[in-house]
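Since the structure is predicted, the reported quantities are computational estimates derived from the model, not experimental observations. Naming convention: chains lettered A, B, ... in sequence-line order (proteins, then strands); numbering from 1 in each chain.
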Amino acid sequence: MYLIKEIKEIAPKIKKMVLDAPLLARKHKAGQFVMVINTEKGERIPLTIADKDPEKGEITLIFQEVGKSTIEMGLRKAGEYIFDVVGPLGKPTHIVNYGTVVCIGGGVGTAPLYPITKKMKETGNYIITILGARNKDLFILEKEMESVSDEFYQTTDDGTKGRHGLVTDELQALIDSGRKIDLVLAIGPAIMMKFVSLLTQKYNIPTMVSLNSIMVDGTGMCGACRVSVGGVTKFVCVDGPEFDGHKVNFDELLKRQAMYKDMEEEALKKFLEELKKQESCGGCHA
Amino acid sequence: MPDKKWIPQPKKPRTPIPEQKPEVRRRNFKEVALGYTVELAIEEAYRCLQCKNPLCVDGCPVGIDIPGFIRHIGEGRFEEAYYTLKKYNSLPAICGRVCPQEDQCEQLCIMGKKFKPVAIGRLERFAADWFMQSGKKEDFQIEPPTGKKVAIVGSGPAGLTCAGELAKKGHKVTIFEALHKPGGVLVYGIPEFRLPKKIVDIEVENLKKMGVEIKTSAIIGKLYTIDELLEEEGFDAVFIGTGAGLPYFMGIEGENLNGVYSANEFLTRVNLMRAYMFPEADTPVKIGKRVAVIGGGNTAMDAVRTALRLGAEEAYIIYRRSEAELPAREEEIHHAKEEGVQFKLLTNPVKIIGDENGWVKALQCIKMQLGEPDESGRRRPIPIEGSEFEFPVDTVIMAIGQGPNPLIQETQPDIEVKRWGIIKIDEQGRTSKKGVFAGGDIVTGGATVILAMGQGKRAAQAIDEYLKTGKWE
């Protein structure tokens, strides 16, 4: 059981949750993730640790409310307990002084990007950050990311903040300006990572992506997270989560991510109906 | 001492065990075999000849006094029967259900020469179940504390056994389990209809009563390395029983299509995560109308029978050799057939065909014939050229075997491994690293529950010796 010390909405449908987890706070390395089980009957949800405070013994998780499990978790309150958290899992990011690193975060992908960027900066890299979102309200960790960046750019699909366009447009502009880029690190929706990788491949810029495939155990035991990398099947949970973006079969990843779409929708519908029933009843707890 | 003369009844037929009817059980997850009643158990016990030199004991990896416990049952001394079992085997309720007795004790039973062997496994299960249901408090007989600390990595059959043995000797034992529930393969792998989870829970509770601490969701190699356990966490010895958790795939085209599972994933979703309760439990599992399970071992049988219970209309075993070579237990094959599982033998998939959305549509298979025996002693399957055919399916489950989980070996290079990451041990269960022992599937690459338990037990003896003497030579 893990105590929720704080939980709040930091953007529409995006929640930040601080857990009391001293051991995980001490052991976690940038790039690693945890599996979170909200309730006893809950599924194992892979989430990246967005921040940690080893002194206070805290880890910060950021998640988007997309389905039953995450919405249910978002309804939890400070002082309550999360059923279980397992980790740290996956290989830590290989962080050295690459030179100039472009860190690209899409949507909630900024959460896992932040600790890596922070560490990249500490290691002496020149950090150019590009954050993308559909509109200005959907950005998270803007201040945090800006504080660890030498240059900071934002893009929105609707033009409400920063460049009107996609992260790849900003990246293209950077490349066109003749800047030397030693590494691109992209974390976000699979489709974003796919197009970032396609772009950088044209210019031979090494590119690292962090994959968010479906997982069950997260320890290499089931293979649910398998993905083709350079034609070889890899397990995201133990071989990743980071891979060479130029080698990842994103189309396969996208299809595999949608494997349970219909069942997820069914579970969500049922959950929302029950939630409504409970709310309309009202008064019982007063 | 026995209070009356034992008059064996060898001519009586082997007592059948009551079972759920196939047409009923194929759609539920309740246990298939219901177990002997007191009367049936006594009846079967009297079939035992009480040999002076019992051969059955030689076939038991943990050397249970088989005639002894059977005699107790025959005489109605069920509690004594239970404690006789426990002296050798810390998990009799589990072994009575999942041991391959037909290849071990029962294979050597002298009764089997002329008649059918005594149903040793069923009697073992009876004695254990009887004790569990009696509500009696178990007398654990624990020696005084030694002040020594042992870490057990993995809570499967090897780890649980090793923990129990060491706790009895008065050592302070902590089990580290990667998943959120203890039991290892007994919980994530073996389905409820073959081994009810309640039984594993009781055994785990017993260990806790013996003073064993169980830390779940604690992944060694990630949360702590073995070195950290020994140097920082104050453990005097470590036992690695991390099992064969790495699923193998065939390496054929289409294996990453949607609807293709490893047996590990499929069974974990259903057993550990309770996907059969979806959406009440959050983890989903996809089951199509036509399900093909590739492989012929016990895991394949578990997967195919689970698929039926989840509502598959047709469930197939696809196996490249013939029926005689099927590695699964006879009983499991028999049960699967009774439940309507269809066997496509001498057949091997060469490719999985998907539809435009990335979902499995069919298996491309090839017919096989058997050639000369290979290094495993089984006749080698050879593809028959030009015999390819398409077999429409919605779900494919790969049950072609598992390998050792590499997490520990990756972070602890001073533990020597053989090929495929199997940890090397000596005859006492010692690894190449001082104070570190191993047993179970992590050293065999994949075997049975009882073999893992046997190794857990043997390692416990060696650990006890090491803790007492400090000698590592």
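- Within the 3.5 Å criterion, the main-chain N or O of A/D51 finds no donor-acceptor partner in the side chain of A/K118.
- Contact of B/F278 with chain A is made through the side chain alone, with heavy-atom distances under 4.5 Å.
- Looking at A/F83, only its side chain comes within 4.5 Å of chain B, counting heavy atoms on both sides.
- With chain A as partner, the option from B/I219, B/L223, B/T283 having the largest number of non-hydrogen pairs under 4.5 angstrom is B/L223.
- Between chain A and the residues B/L246, B/V285, B/N405, B/L257, the most heavy-atom pairs under 4.5 angstrom are made by B/V285.
- Checked against the 6.0 Å centroid threshold, B/F29 and B/Y276 count as a close aromatic pair.
- Heavy atoms of B/Q402 lying under 4.5 Å from chain A are absent altogether.
- Of the two parts of A/K91, the backbone and the side chain both hold a non-hydrogen atom closer than 4.5 Å to a non-hydrogen atom of chain B.
- A donor-acceptor contact shorter than 3.5 Å is absent between the side chain of A/E252 and the backbone of A/N249.
- Heavy atoms closer than 4.5 Å to chain A are found in both the backbone and the side chain of B/L179.
- Of the possible polar contacts, one joining the A/R76 side chain to the A/Y81 backbone as a donor-acceptor pair under 3.5 Å is found.
- Most heavy-atom pairs under 4.5 Å with chain B: of the set A/A224, A/A267, A/G67, A/A258, this distinction falls to A/A224.
- Ranked by non-hydrogen atom pairs under 4.5 Å with chain B, the options A/K41, A/E264, A/M35 are led by A/K41.
- Using a 4.5 Å cut-off between heavy atoms, A/K255 contacts chain B through both its backbone and its side chain.
- A distance of 5.5 Å separates CD1 in A/I82 from CE in A/M73, rounded to the nearest 0.5 Å.
- Highest contact tally toward chain B, considering only A/L89, A/D217, A/T39, A/V216, is held by A/V216 [criterion: heavy-atom pairs under 4.5 Å].
- Atom CD in B/E231 sits 10.0 Å away from atom CG in B/L229 (nearest 0.5 Å).
- Only the side chain of A/I214 comes within contact range of chain B, with heavy atoms under 4.5 Å apart.
- A/E40 touches chain B through backbone and side chain together, each having a heavy atom under 4.5 Å away.
- Panel note: side chain A/R226, backbone A/G223; a donor-acceptor pair is recorded below 3.5 Å.
- For chain B, the option among A/T233, A/D251, A/V227 with the highest count of heavy-atom pairs below 4.5 Å is A/T233.
- Annotation: maximal heavy-atom pairing with chain B below 4.5 Å, among A/M221, A/E266, A/E43, occurs at A/M221.
- Side-chain atoms of A/E9 come within 3.5 Å of backbone N or O of A/K13 as a donor-acceptor pair.
- Interface residue B/M277: only side-chain heavy atoms are found under 4.5 Å from chain A.
- Side-chain atoms of A/K194 never come within 3.5 Å of backbone atoms of A/F250 as a donor-acceptor pair (strictly under, hydrogens ignored).
- With A/P112 as the fixed residue, the side chain to side chain contact (heavy atoms under 4.5 Å, CB included) test singles out one of A/T117, A/T93, A/T48, A/L47: A/T48.
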